[in-house]
Amino acid sequence: MVKAKTWILFEGFPKENNFELREEVLPELQDGDVLVEAVYLSVDPYMRVVKSKDPAFPEGCYVVANCGWRTHTVTKAKGPAGPILARIVSEWPSDISMSLALGSLGMPGLTALYGLEEVCKIQPGETILVSAAAGAVGAMVEQICKIKGCKVVGSAGGDDKVAYLKELGFDQAFNYKTVSSLEEALKNASPEGYDCYFENVGGPFFTAALKNMKPGGRIAVCGAIANYNDTTPQMCPYPHHEIITRQLKIEGFMVRSWQHKDAESIKRMLKWMKEGKLKAKEVVTVGFENMPAAFIRMLKGDGLGKAIVKV
């Protein structure tokens, strides 16, 4: 008999009293079932297979699992909406932490890669703007852009984060919380405008970015962190004039659209990291019981790097 601990989030803006820690007894494994145990947790948990009745997932292998905030889970490898378990690539180097499978070498890194290659289709010499640039996705956007010969401008919400962006190699970076005008700050950072914008925040920043795009500019809409916890949807000035006159292309995307490329893409990023072209920063919280606090800190923008909980 295996007992699992699981966190439940109730409605409203996440705060510690909106979470409840529960315990449940897991069912016995049936054919095709896999029992996974959490090693590191994020929104996309990384786990180890403890018991298995699926030959594709032998006991002891490591997987990325879409199972929620749980210490243990009995699951099939695939569900109605697609894969639940994904094996960590066998070529994973022993000197690179597997926790990065949740960050720069996992979903955030793949999001950056596909947004740039598949949506924006960036070219050498282009100028790329990225918001929330110190986050797990934004930091990877910059580094991949530099690998591909682009100029990169980033914004972040703190002077420590701006210093981190400059350390990573951003050509220009600014603190959006302290500038008097977002539109002017974007113009000063790249007077010639932007070929592509990697959108992570929504809100007023999106409107200001539109006014600084080059004709024919491309915008990859990845996230809208400024709006996620609104109870009343934010409204922005109607942007149609800028979109039409600048002939902009705006595309929302989900990383799973290119899931068939994940293994090969992760191998490419592993190679870049081994070559010193990619750097990763993590904020590691120890203890499953500290999951809500780590999540709330992440939403508030506290800390530099990908938020990870080590179970």
Side-chain angles (χ1 to χ4, degrees), residues 42 96-97 99-100 102-106 108-109 111-113 115-116 122 126-206 208-209 212 220 222-226 228 269 272-273 275-285 293-309:
S42 175
I96 294 180
S97 172
S99 63
L100 296 182
L102 295 179
S104 55
L105 301 177
T111 299
L113 185 70
L116 293 171
I122 61 171
E126 291 188 321
T127 301
I128 317 300
L129 170 65
V130 55
S131 53
V137 174
M140 286 295 289
V141 168
E142 182 277 337
Q143 295 178 85
I144 294 171
C145 283
K146 299 307 288 186
I147 289 171
K148 293 179 174 290
C150 298
K151 174 183 175 182
V152 195
V153 174
S155 73
D159 292 340
D160 58 334
K161 294 181 180 181
V162 171
Y164 172 54
L165 299 186
K166 292 178 179 178
E167 177 188 323
L168 284 176
F170 275 77
D171 296 279
Q172 296 287 334
F174 64 90
N175 183 346
Y176 74 87
K177 292 182 178 179
T178 58
V179 297
S180 57
S181 166
L182 283 174
E183 193 173 334
E184 287 301 313
L186 291 171
K187 188 176 296 182
N188 292 337
S190 181
E192 71 278 11
Y194 301 92
D195 298 284
C196 298
Y197 171 37
F198 200 105
E199 160 71 312
N200 287 313
V201 297
F205 198 102
F206 178 74
N212 283 275
C222 169
I225 198 167
Y228 286 157
M269 293 192 294
W272 290 337
M273 183 163 283
E275 293 171 347
K277 295 176 181 177
L278 290 180
K279 299 176 182 178
K281 191 180 285 286
E282 295 180 309
V283 180
V284 180
T285 301
F295 180 61
I296 291 166
R297 284 196 297 270
M298 181 272 294
L299 285 179
K300 291 180 177 177
D302 294 345
L304 290 171
K306 172 67 176 175
I308 296 290
V309 173

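Here the structure is a predicted model, which means the values were calculated and not measured.
- E184 places no side-chain N or O within 3.5 Å of a backbone atom of S180 that could act as its donor or acceptor partner.
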L113 and M140: CA distance, side-chain angles, deciding distance, side chain to side chain contact (heavy atoms under 4.5 Å, CB included) verdict: CA-CA 8 Å; L113 185 70; M140 286 295 289; over 6 Å; no
CA sep, side-chain torsions, deciding dist, call: S104, K306, side chain to side chain donor-acceptor pair (under 3.5 Å): CA-CA 8 Å; S104 55; K306 172 67 176 175; over 6 Å; no
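- Remark: S97 engages S99 in a side chain to side chain donor-acceptor pair (under 3.5 Å) (not counting sequence neighbours).
- With contacts defined as side-chain heavy-atom distances shorter than 4.5 Å, the pair E183/N212 qualifies.
- The stretch residues 151-162 participates, sequence neighbours left out, in these salt bridge (charged side-chain N to carboxylate O under 4.0 Å, His left out) pairs: K151-E192.
- Here I128 contributes atom CD1 and K148 contributes atom NZ; the two are 11.0 Å apart, rounded to the nearest 0.5 Å.
- Within the 4.5 Å cutoff, side-chain heavy atoms of Q143 are placed close to those of K279.
- A heavy-atom distance below 4.5 Å is not found between the side chains of F206 and V201.
- When all heavy atoms of D171 and C150 are compared, the pair lying nearest together is OD2-O, 4.2 Å.
- Taking both residues in full, the closest heavy atoms of G109 and I144 are given as O-CD1, 4.3 Å, listed atom of the first, atom of the second, then distance.
- With sequence neighbours left out, K187 forms a side chain to side chain donor-acceptor pair (under 3.5 Å) with no residue at all.
- Checking side-chain atoms of Y194 against main-chain N and O of V130 turns up no donor-acceptor pair under 3.5 Å.
- For the residue pair S131 and E199, the shortest heavy atom distance occurs at OG-OE1, 3.5 Å.
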Steps toward side chain to side chain contact (heavy atoms under 4.5 Å, CB included) verdict (K146, V152): CA-CA 7 Å; K146 299 307 288 186; V152 195; 3.7 Å; yes
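- Looking only at distances, no side-chain donor or acceptor of Q172 sits under 3.5 Å from a matching main-chain atom of G154.
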Side chain to side chain contact (heavy atoms under 4.5 Å, CB included) assessment of I147 paired with L278: CA-CA 9 Å; I147 289 171; L278 290 180; 4.0 Å; yes
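- Residues I308 and S42 come closest through the heavy atom pair CD1-CB, 4.4 Å.
- Relative orientation of the F205 and F174 rings is parallel, given thresholds of 30° and 60° on the angle between their planes.
- A donor-acceptor distance shorter than 3.5 angstrom exists from the side chain of D195 to the backbone of T127, with no hydrogens or angles considered.
- For the atom pair CG (L105) and CH2 (W272), the distance works out to 11.0 Å, reported to the nearest 0.5 Å.
- Inter-residue side-chain proximity for E282 and L100 is flagged as met; some heavy-atom pair is nearer than 4.5 Å.
- Put simply, CD1 on I96 and CE on M269 are 11.0 Å apart, with the number rounded to the nearest 0.5 Å.
- The nearest pair of heavy atoms linking A139 to Y164 is CB-OH, 4.1 Å.
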Candidate pair F170 and V153, rule side chain to side chain contact (heavy atoms under 4.5 Å, CB included), full reasoning: CA-CA 6 Å; F170 275 77; V153 174; 5.8 Å; no
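- Put simply, CG on L186 and OG on S181 are 8.0 Å apart, with the number rounded to the nearest 0.5 Å.
- Considering all non-hydrogen atoms of both residues, A209 and L129 come closest at CB-CD2, 4.0 Å.
- Within the model, atoms CG of L304 and CD of E167 stand 9.0 Å from one another, a figure rounded to the nearest 0.5 Å.
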